Structure formats: C-alpha cells, structure tokens
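Remember, predicted model here, so these are calculated numbers, not experimental data. No hydrogens, no waters, no symmetry mates; every other heavy atom, side chains included, goes into these values.
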Amino acid sequence: MSTSQKVMGHVYAIFTILVWGSCFVLTKNLLAVGITAVQIIPLRMILAYVTLLVMRPRFMRLPLR
C-alpha cells in the first residue's frame, strides 16, 4: 500500500468520525427544537445519499447472478 493511499485512508476515517460525532449533536438539537425522530430519519438518509453521490458519482453495476 502506498503512502498516498494510507493518507487518504486516514482522511476518510477522520471525515467519518467527524460526521458520526456531529450527527449525534445535531440530532439532539433537532429533537430539542421540536422535530420528531420520524422526520429526522429521512433527512439523514437524503444527506447520506447526496454525500455518497458526491464522493462517487458513478453507479456500480451489480452482477445478475
């Protein structure tokens, strides 16, 4: 594994940690404002989908077998 791949792995790990940690705090704040958990879940899924689409805009083909 090259040095640049290791560095990118660390960058992805730090990004994941920051998103995971901030998600807990933001969810607590949204619940305090009055938004229900049922409303928060679709927002989180849409945000995750958009983030993954930005990170990898190509669609992966699944094997038929």
Visitor: Report the distance from atom CG of Leu30 to atom OG1 of Thr36, rounding to the nearest 0.5 Å.
Guide: 10.5 Å
Visitor: If I take atom CD1 from residue Ile41 and atom CD1 from residue Ile46, how far apart are they, to the nearest 0.5 angstrom?
Guide: 12.0 Å
Visitor: Can you name the nearest heavy-atom pair linking Lys6 to His10, along with the distance?
Guide: O-ND1, 2.7 Å
Visitor: Rounded at 0.5 Å granularity, tell me how far CE in Met8 sits from OG in Ser2.
Guide: 11.0 Å
Visitor: What closest approach, in Å, do Ile35 and Leu31 show between heavy atoms, and which atom pair accounts for it?
Guide: O-CD2, 3.4 Å
Visitor: Do Ile14 and Leu18 have side chains that approach each other closer than 4.5 Å (heavy atoms only, starting at C-beta)?
Guide: yes
Visitor: Measuring from Ile40:CD1 to Lys28:NZ, what's the distance to the nearest 0.5 Å?
Guide: 10.0 Å
Visitor: Would you check if Met55 and Tyr12 make a side-chain contact, meaning some heavy-atom pair closer than 4.5 Å?
Guide: yes
